[in-house]
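Below: one structure, written as structure tokens.
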Amino acid sequence: MAVNLGLWLDTWNQEVAAILRAGKPGFVLVGQGAWDQLLEISEAAGNPLIILREIGLRTDVDHPIASAQRLCGVAKRHPGLRCIAHGINEPTVETAEQRATLVTWELAFTGEAHRQGVKTVCLNLAWGNPGDLTVLDELRPIHDASDFTGMHLYGVPGVEDLYSCYRYRLWPGWFDRGKLLSTEVGIDGLDRINGERPGWRTQGYTEELVSLVMLARSWDWAQDGIMGGIWFAAGTQHDEWAPYYPTLGMARAWGESAARFPQMPPPPLPIDIGGRIMTLAEQYPQLYTDWIGAGGNPEEAFEWFLRGQGVIQTDKAKAVEMLDNLKSHVEEMTRIVDQLPLG
């Protein structure tokens, strides 16, 4: 699994072209504002998978068959490109009626696209949705019918990562992570800041920190078996989204990482043996015996030992993540010690 991020755009100019050339994204989501430049986009990015999205599609306004035909028409005008069709974006799924309407629409959309030989990415839920995970079974027909399942995986300060950028880990057992293509990722917020959208720039992140954070998440996503994520956004037709735009340096960091690690090394976890996940101790029995003999015992600490020995590959982003985890453990232990009585 490549570790470089995809890029989202619906406009085309020199700045966007430079970001694509630097980032060499494996996926590019293209809104209708840049459909006329698909050849240039593909050349700049290095023949990526192109996700065609018609911005503004709604189940109560647009007919699914006609919508699929429009997107397939664009794809067929460029037979040399690898294009797939994007369904409804961030649908509302709060009520049973809304969920049923969405299922009917997306199944018809996917059926027509498949009839024309074009694959689809559907569902494309906003981060944190649905709030009630028990309703996901009602949306399963979309997951089963579409070639790829879309989901937005933003990191949001103040919201636990498990409920935002790793939310798929909470989905039911029928969910196929290998079909998950996150059609929007990045740094988001809960509220506007001084009237501006809460992108990474508005929140005061440095480009170095965002680069590392997104590389770490990309590695996690790859280890979890998902296809990847598409950064929102390299460029849009609306200035209000400028706080989300990456810098050329960020794109270059992602592209250089992808060039250095074009494929993920075989992940040490999990290995499925007869429906059971093989532990690190089972994978490296002699090393584990040596580790126990030296006084070690937790599985997590054994993983750190293997990384320190170079048995499991670790990049800088993973090291930063591990340090952050260690800091939180130390903070928790400090809190516990502070609550203990003196003497």
Side-chain angles (χ1 to χ4, degrees), residues 3-11 13 15-29 31 45 55 89-90 124-129 150-168 181-222 226 228-258 315-321 323-324 327-328:
V3 300
N4 61 327
L5 291 169
L7 290 167
W8 191 113
L9 61 94
D10 74 339
T11 191
N13 53 47
E15 290 78 11
V16 174
I19 287 173
L20 258 65
R21 292 191 185 97
K24 291 298 180 187
F27 315 97
V28 180
L29 189 151
I55 297 170
N89 186 62
E90 296 191 345
N124 300 299
L125 293 167
W127 72 265
N129 281 303
M151 186 188 305
H152 295 178
L153 299 176
Y154 285 92
V156 183
V159 177
E160 186 179 346
D161 285 352
L162 182 61
Y163 297 101
S164 54
C165 55
Y166 300 119
R167 188 170 180 80
Y168 56 86
L181 175 59
S182 182
T183 44
E184 288 186 25
V185 304
I187 307 293
D188 204 1
L190 298 173
D191 299 295
R192 288 177 179 259
I193 300 173
N194 296 324
E196 292 191 359
R197 294 274 186 179
W200 70 273
R201 294 173 183 264
T202 313
Q203 297 187 54
Y205 283 78
T206 65
E207 63 176 292
E208 292 81 5
L209 177 59
V210 175
S211 295
L212 282 175
V213 166
M214 295 312 299
L215 282 172
R217 287 179 184 159
S218 293
W219 279 82
D220 287 342
W221 292 332
I226 79 172
I230 298 172
W231 175 273
F232 180 88
T236 75
Q237 296 190 11
H238 304 283
D239 291 341
E240 66 174 317
W241 300 110
Y244 295 81
Y245 294 173
T247 65
L248 189 59
M250 289 163 59
R252 187 176 294 115
W254 298 332
E256 289 174 353
S257 177
D315 70 338
K316 185 175 181 180
K318 183 64 178 179
V320 170
E321 179 189 356
L323 280 174
D324 287 341
K327 288 176 183 176
S328 46

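Scope of the values below: all heavy atoms of this structure, side chains included, with no hydrogens, waters or symmetry mates.
A donor-acceptor pair shorter than 3.5 Å can be found between the side chains of His152 and Asn89.
Distance OH/Tyr205 to CG/Leu212: 13.0 Å, rounded to 0.5 Å. The distance from atom CE of Met214 to atom CH2 of Trp231, rounded to the nearest 0.5 Å, is 5.5 Å. Here the straight-line distance linking atom CG of Asp188 with atom CG of Leu153 works out to 12.0 Å at 0.5 Å rounding. Expressed to the nearest 0.5 Å, how far CG of Asp10 lies from CD of Gln237 amounts to 4.5 Å. For the atom pair CG of Leu7 and CZ of Phe27, the computed distance is 11.5 Å after rounding to the nearest 0.5 Å.
Checking side-chain atoms of Ser164 against main-chain N and O of Gly155 turns up no donor-acceptor pair under 3.5 Å. Judged purely by atom type and a 3.5 angstrom limit, Thr202 uses its side chain to pair as donor or acceptor with the backbone of Arg197. Side-chain N or O atoms of Gln203 include one that pairs as donor or acceptor with a backbone N or O of Pro198 at under 3.5 Å. Remark: side-chain polar atoms of Glu184 are not paired, donor with acceptor, to backbone N or O of Leu125 under 3.5 angstrom.
Annotation: side chain of Thr236 is in contact with side chain of Tyr245 (closest heavy-atom distance under 4.5 Å). Here the side chains of Trp8 and Thr183 are not in contact, with every heavy-atom distance at 4.5 Å or above. Counting heavy atoms from C-beta on, the side chains of Trp254 and Leu215 come closer than 4.5 Å. Within the 4.5 Å cutoff, the side chain of Leu9 has no heavy atoms near those of the Ile19 side chain. Considering only heavy atoms from C-beta on, Arg167 stays 4.5 Å or farther from Val159 through its side chain. A 4.5 Å side-chain heavy-atom check between Trp221 and Ser182 finds every atom pair outside the cut-off. You'll find the side chain of Asp161 reaches within 4.5 Å of the side chain of Arg217, heavy atoms only.
At a threshold of 4.0 Å, the pair Arg252-Glu207 does not count as salt-bridged, since none of the basic side-chain nitrogens sits closer than that to a carboxylate oxygen.
Summarising the geometry of Ile187 relative to Tyr154, their closest heavy-atom pair is N-CD2, 4.0 Å, with the distance given to 0.1 Å. The two residues Ile55 and Gly31 come nearest to each other via the heavy atoms CD1-CA, 4.1 Å. Contact record, Val16 with Asn13: N-OD1, 2.8 Å, taken as the closest heavy-atom pair. Minimum heavy-atom separation, Ala234 to Pro246: CA-CD, 3.9 Å.
Among Trp241, Trp200, Trp127, the one residue that satisfies the ring pair (Phe, Tyr, Trp, His ring centres under 6.0 Å) test with Phe232 is Trp241.
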